[in-house]
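In what follows, every chain begins at residue 1, and chains take the letters A, B, ... in the order their sequences are listed. Remember, predicted model here, so these are calculated numbers, not experimental data.
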Amino acid sequence: MAETAVAEKAAVKAEPLFGKKEKKLITDPLGDNNPITIQVLGICSALAVTSLVVPSLVMSVAVVFVCAFSSLFTSLIRTKIPKQVRMIVMLVIIATLVTVVELMLKYLNYPIYKQLSVYIGLIITNCIVMGRLEAFAMANKPWRSFLDGIGNGLGYGVILVAIAIIRELFGKGTLFAGSAVEMNIIGANNGIVEYWINTAAESGIGSWFSWYANNNLMVLPAAAMFIIGIMIWIQRSYRSHLVDIS
Amino acid sequence: MHSTNYVIMFILALTSLVAVGLTTLREVTYETAEMNKAIFNKREVIKAVADFIGLEEGQKVGDLSDERVLEIFNNDVKQVVVDMDGNVVDQQTVNGIYKGGLAEHIDMSKEKKKDEKERLLPLYMFSKDGKTKYIVSVIGSGLWDEIWGNIAIEGDLNTVVGASFDHKGETPGLGAEIKDNPSFAAKFKGKKIYNDGMMALNVRKGGAKDMTYDVDGISGATVTADGVTEMLQRGIKYYNPYFSKIKSSGK
């Protein structure tokens, strides 16, 4: 441990704390190296949790946390990790962090823990975390790995929330349902949603779009697949250097 | 390549470090977490009688402070544990299985795994202004995992006056609507449970036909809705022996 600490100190002196390269680590995953649209990692959870915005947001925050700190810890001990069992070591680190998140949620806010307990377990299986540890944290210094973790977590979160907004808006007619800032944007009329219609009519916005019938396809996981496909298509047609011609 | 001994030592050191760390964290947070859980469960019970606890306009049970939830629960709610034959089980016997021995300590998902004849049933009696409402707890299966709920029944033991549902892993936007969309639970208010002694309360796909017993289903969540029907019909039936005892005792 002492060696890495010394090495780290030297690194901080030699490299700026937040230079051009460090900035790129954060911004790259948001655009040209997005974990979902370019690396095509973490698709499974992107399909599962994106039918509502609020769970997607909390999932994103949790993934940023786990991604950043597992990168940091893996990078700190990267020279000590035996190569034969590195995957197992990474899994231990990730699972530990996920358990910490779970315990802290139970301690601090039990209702949120109840709402998210299923998704929190899903983070362990999120291939973005493992992918970044293997591809970046094993070969880079702690600070940069930490930034890379944050960047990729954010890149994942941005896409997740974008998909969730589209799906919730057209599938349910609302945004942020189940939270304090719940909004009813477009009206719906499939029987069970009278509650949403009433509040929408009161707020005055919903009445303009009260003709809109909820699109049930949007609620199904298949919709997320279509939306991700369209996002990949749009991104690649604007950034032609991303297209792999070979 | 590292030697096998190094690999074994490394893994042992790492896992023991992690184990000690996580155990410590759990021990430190355990008591508060358990208290949070107890308040959460009490709040779930109170949700079923939300109309009768004197909420202000626009206020939800979820907005009540923890202290207020405890106050309502301690002052207005009596709890008993009954068995499948309708006998009240005393606290000491229950204490042997669930620490604490009260209805609120019963773990419904453990009860679900037991043989039907040996189950313990939590029953809450909410009394205010001289009127008693019975809150029963039911558990069943949705599409992916367990679903459960608390149903508040009027003193006539036939009319539903409130309900709250929860689930472990139903699909957000579909099955999860039983909890997320307050209008689903609200639809149970005023429905009758028994038709000529038979369980008639149900969730009907494609909309309610008989307004006395049917509740509108959720489009796209047929399996969850069927699970709710099954859970209600079976779960409330468990309480029948106890209910008939109350009735025959002339209350």
key: Heavy-atom side-chain proximity of A/L108 to B/T32 below 4.5 angstrom   = no

task = Heavy atoms only: give me the nearest B/L25-A/M104 pair and the separation to one decimal.
result = CD1-SD, 4.1 Å

task = Heavy atoms only, distances under 4.5 angstrom: which of B/V18, B/I39, B/D145 has the most pairs with chain A? Name it, please.
result = B/V18

request  = Work out which heavy atom in B/L22 is nearest to a heavy atom in A/L103; give both atom names and the distance.
outcome  = O-CD1, 4.1 Å

ask   = How many angstroms lie between CG in B/N36 and CG in A/L105, if you round to the nearest 0.5 Å?
value = 11.0 Å

task = Give, as side chain, backbone, both or neither, the part of A/K106 having an atom under 4.5 angstrom from any heavy atom of chain B.
result = both

request  = Could you pull out all residues at least two apart from B/E146 that satisfy salt bridge (charged side-chain N to carboxylate O under 4.0 Å, His left out)?
outcome  = none

inquiry  = Please determine whether the number of non-hydrogen atoms from other residues, nucleotides or ligands lying under 6.0 Å from atom NZ of B/K99 exceeds 12.
reply    = no

Inter-residue atom distance B/E34.CD - A/Y107.OH, 0.5 Å rounding = 14.0 Å

query = Which heavy atom of A/V89 sits nearest a heavy atom of B/F10, and at what distance?
reply = CG2-CE2, 3.6 Å

ask   = Among B/R26, B/K37, B/R43, B/K168, who wins on heavy-atom pairs under 4.5 Å with chain A?
value = B/K37

inquiry  = If I measure from the heavy atoms of chain B, does A/I81 come under 4.5 Å with its side chain, its backbone, both, or neither?
reply    = both

inquiry  = Would you compute the distance between atom OH of A/Y110 and atom CG of B/N41 and round it to the nearest 0.5 angstrom?
reply    = 6.5 Å

remark   = In short, B/Y6 meets A/K80 closest at the heavy-atom pair OH-O, 2.6 Å

request  = Could you list the residues that satisfy salt bridge (charged side-chain N to carboxylate O under 4.0 Å, His left out) with B/E71, not counting sequence neighbours?
outcome  = B/R68

